[in-house]
Amino acid sequence: MLFLIVLVRYIPNMGLLTIDIARARLEATQAEVHNLYVTEDQSVLLYRASYPAHVGHIRSLPALFVTMCVSGGGPMRQSTSLQLIEAEIAPGDIGLVPPNSKGAGEWPEISVITLGIAIESVSESFGDDWPQKLKRETFSKVFRDPLVESTLMSVGHTQAGDISDATLFHAAHMVTHQLLDQPFEPVAKSGEAFPLSGASLNRVKQLLAKNLDRHVTVEEMAATAGISRHHFSRRFKAATGQSPHQFAIHGKLEHAAHLLAEEENASVLSIAQKVGYCNPAQFAKLFRRQFGLSPRSWRSRMPK
């Protein structure tokens, strides 16, 4: 059922694989690829494809693959070092190959949507022991799950030009969480938020750094981090000591201070606009609050 296991070559410290390699290896098995997307950091891969009846090997890889039958089906057999699944597949059925398992299988003519998630990404969100938390029914047989099905159908039928890394990060988080036996949002201690993972925090920082000239909403940050907006702000503050809004403003003003020193001939207004402030009075007020000086005074004190 999980044909990509035969094809993927894991790239250490870079996640899964490039989109060109993914497409070439899928097509090498006579698969008709309808949709394919790989996130920029290569930590999440998504594809929708149709296969002829197929017999092949399953390679041991440090990644989790989740596949849903979209159409076609029939008898299948999947035997790995960690599983033995024999079932009659029908549309809506879901199966997975956990990390570091190898074996072989036989699958019918089938169309599938597959989500591949690098093991480092899962560990950063759910801890290194997450494979032991996989729900038994998802590990040992083909199963059905409305949330996983709706998530895979949604992203699997989105055209590559309309999908984003943030969308796939969120889908990977939702699907993985649904496969695990644990509360939806872990907590460090009673009443305390569990800090945002390093990988999620870095993605948010990159989003802010690329969009200094505009207001980035909390919804955008939460989607980039791959968690719900409801929990994002508390987990972000637990990781940084600041609210998302405060952190974004701090970054804008730090960049503005750098520009004031580097671009001597640029006006304060033009620099304010480069960090998303059209109102120079508001910019000056925030700048003074953070640095204790007005933008002009700050510039005048910079060494020539």
Side-chain angles (χ1 to χ4, degrees), residues 1-8 16 31 35 44-51 53-119 121-123 125-127 129-157 168 170-186 226:
M1 185 174 181
L2 300 174
F3 299 94
L4 186 61
I5 301 303
V6 183
L7 307 173
V8 171
L16 293 170
N35 200 358
V44 182
L45 174 147
L46 170 78
Y47 78 87
R48 179 165 57 90
S50 299
Y51 292 89
H54 179 83
V55 176
H57 295 285
I58 298 171
R59 296 175 56 187
S60 176
L61 294 169
L64 173 68
F65 292 89
V66 183
T67 293
M68 182 178 69
C69 173
V70 178
S71 63
M76 62 84 70
R77 186 178 192 276
Q78 179 171 294
S79 177
T80 74
S81 52
L82 300 173
Q83 296 170 297
L84 174 59
I85 299 177
E86 296 178 314
E88 188 83 15
I89 299 176
D93 285 339
I94 301 166
L96 62 85
V97 169
N100 302 317
S101 58
K102 60 182 178 179
E106 181 175 353
W107 302 273
E109 183 176 346
I110 192 172
S111 293
V112 301
I113 296 172
T114 291
L115 189 67
I117 312 166
I119 190 170
S121 295
V122 186
S123 297
S125 293
F126 299 103
D129 62 341
W130 69 267
Q132 285 72 53
K133 299 176 184 175
L134 284 171
K135 294 177 182 176
R136 186 174 300 276
E137 63 269 25
T138 68
F139 179 81
S140 57
K141 61 184 180 182
V142 172
F143 63 95
R144 289 186 174 236
D145 185 288
L147 188 148
V148 175
E149 179 180 359
S150 64
T151 301
L152 291 178
M153 287 294 287
S154 176
V155 295
H157 286 89
L168 278 196
H170 185 65
H173 184 92
M174 293 290 291
V175 167
T176 306
H177 177 271
Q178 189 69 3
L179 300 176
L180 303 180
D181 278 316
Q182 67 171 45
F184 186 78
E185 290 293 340

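These numbers come from the heavy atoms of this one structure, side chains and all, not from hydrogens, waters or symmetry mates.
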Peer 1: Going through the checks in order, is the side-chain contact (heavy atoms from CB on, under 4.5 Å) test met by Phe143 and Ile85?
Peer 2: CA-CA 11 Å; Phe143 63 95; Ile85 299 177; over 6 Å; no
Peer 1: Kindly write out the residues that satisfy side chain to side chain contact (heavy atoms under 4.5 Å, CB included) with Lys141, not counting sequence neighbours, or none if the list is empty.
Peer 2: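 Lys141: side chain to side chain contact (heavy atoms under 4.5 Å, CB included) contacts with Glu137.
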Peer 1: Look up atom CZ in Arg144 and atom CD1 in Ile94, then write down how far apart they are to the nearest 0.5 Å.
Peer 2: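 Going from CZ on Arg144 over to CD1 on Ile94, the span is 8.0 Å.
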Peer 1: Who pairs with Ser79 by side chain to side chain donor-acceptor pair (under 3.5 Å), at least two apart in sequence or on another chain?
Peer 2: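 Residues passing side chain to side chain donor-acceptor pair (under 3.5 Å) with Ser79: none at all.
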Peer 1: Please enumerate all residues that pass side chain to side chain donor-acceptor pair (under 3.5 Å) together with Glu86, with sequence neighbours excluded.
Peer 2: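 Here the qualifying residues are Arg77.
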Peer 1: For the residue pair Ile110 and His54, establish whether any side-chain heavy-atom pair is separated by less than 4.5 Å.
Peer 2: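 Ile110 does not reach His54 side chain to side chain.
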Peer 1: How about Glu88: does its CD atom have over 12 heavy atoms from other parts shown lying under 6.0 Å from it?
Peer 2: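 Counting neighbours around CD of Glu88, more than 12 heavy atoms of other residues, nucleotides or ligands fall under 6.0 Å, so yes.
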Peer 1: Rounded to the nearest 0.5 Å, what separation is found between the CG atom of Leu46 and the CG atom of Leu152?
Peer 2: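 If we round to the nearest 0.5 Å, Leu46:CG and Leu152:CG are 8.0 Å apart.
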Peer 1: Kindly indicate, with the supporting measurements, whether the criterion side-chain contact (heavy atoms from CB on, under 4.5 Å) is fulfilled by Val142 and Gln78.
Peer 2: CA-CA 10 Å; Val142 172; Gln78 179 171 294; over 6 Å; no
Peer 1: Considering non-hydrogen atoms only, spot the tightest contact between Leu64 and Pro98 and give its length.
Peer 2: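 Closest pair (atom of Leu64, atom of Pro98, distance): CD1-CA, 4.1 Å.
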Peer 1: Just verifying a value: how many Å separate Thr67 OG1 and Ile113 CD1, rounded to the nearest 0.5 Å?
Peer 2: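 Those atoms lie 9.5 Å apart.
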Peer 1: Run the side chain to side chain donor-acceptor pair (under 3.5 Å) test against Thr176 and tell me which residues pass, sequence neighbours left out.
Peer 2: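 For Thr176 there are no side chain to side chain donor-acceptor pair (under 3.5 Å) partners, ignoring immediate neighbours.
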Peer 1: Which class fits the ring pair Tyr51 and Tyr47: parallel under 30°, tilted 30 to 60°, perpendicular over 60°?
Peer 2: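 Rings of Tyr51 and Tyr47: perpendicular, over 60°.
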Peer 1: List in chain and number order the residues that pass side chain to side chain contact (heavy atoms under 4.5 Å, CB included) with Thr151, two or more places apart in sequence or in another chain; answer none if no residue qualifies.
Peer 2: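 Counting only residues at least two positions away or on another chain, Thr151 forms a side chain to side chain contact (heavy atoms under 4.5 Å, CB included) with Leu147, Ala171, Val175.
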Peer 1: Drop me the distance from Leu96's CG to Thr114's OG1, to the nearest 0.5 angstrom.
Peer 2: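 OG1 of Thr114 is found 11.0 Å from CG of Leu96.
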Peer 1: Check whether any side-chain N or O of Arg48 sits under 3.5 Å from a backbone N or O of Asn35 as a donor-acceptor pair, and report yes or no.
Peer 2: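 Judged by distance alone, no pair lies under 3.5 Å.
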Peer 1: Without swapping roles, check the side chain of Glu149 against the backbone of Met68 for a donor-acceptor pair under 3.5 Å.
Peer 2: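 Checked: no pair found.
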Peer 1: Decide yes or no for Thr80 and Lys102: does some side-chain heavy atom of the first lie under 4.5 Å from some side-chain heavy atom of the second?
Peer 2: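 The answer is no, as the side chains (C-beta and beyond) never meet within the 4.5 Å cut-off.
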Peer 1: Residues in side chain to side chain contact (heavy atoms under 4.5 Å, CB included) with Ala104, at least two apart?
Peer 2: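 Only His57 meet the side chain to side chain contact (heavy atoms under 4.5 Å, CB included) criterion with Ala104.
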Peer 1: Give me the atom names and distance for the closest heavy-atom approach of Leu115 to Ala172.
Peer 2: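 Answer, listing the atom of Leu115 first, then Ala172: CD2-CA, 3.9 Å.
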Peer 1: Looking only at non-hydrogen atoms, find the nearest pair between Pro108 and Gly74 and report the distance.
Peer 2: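 Scanning both residues completely, I find the closest heavy atoms to be CG-N, 3.6 Å.
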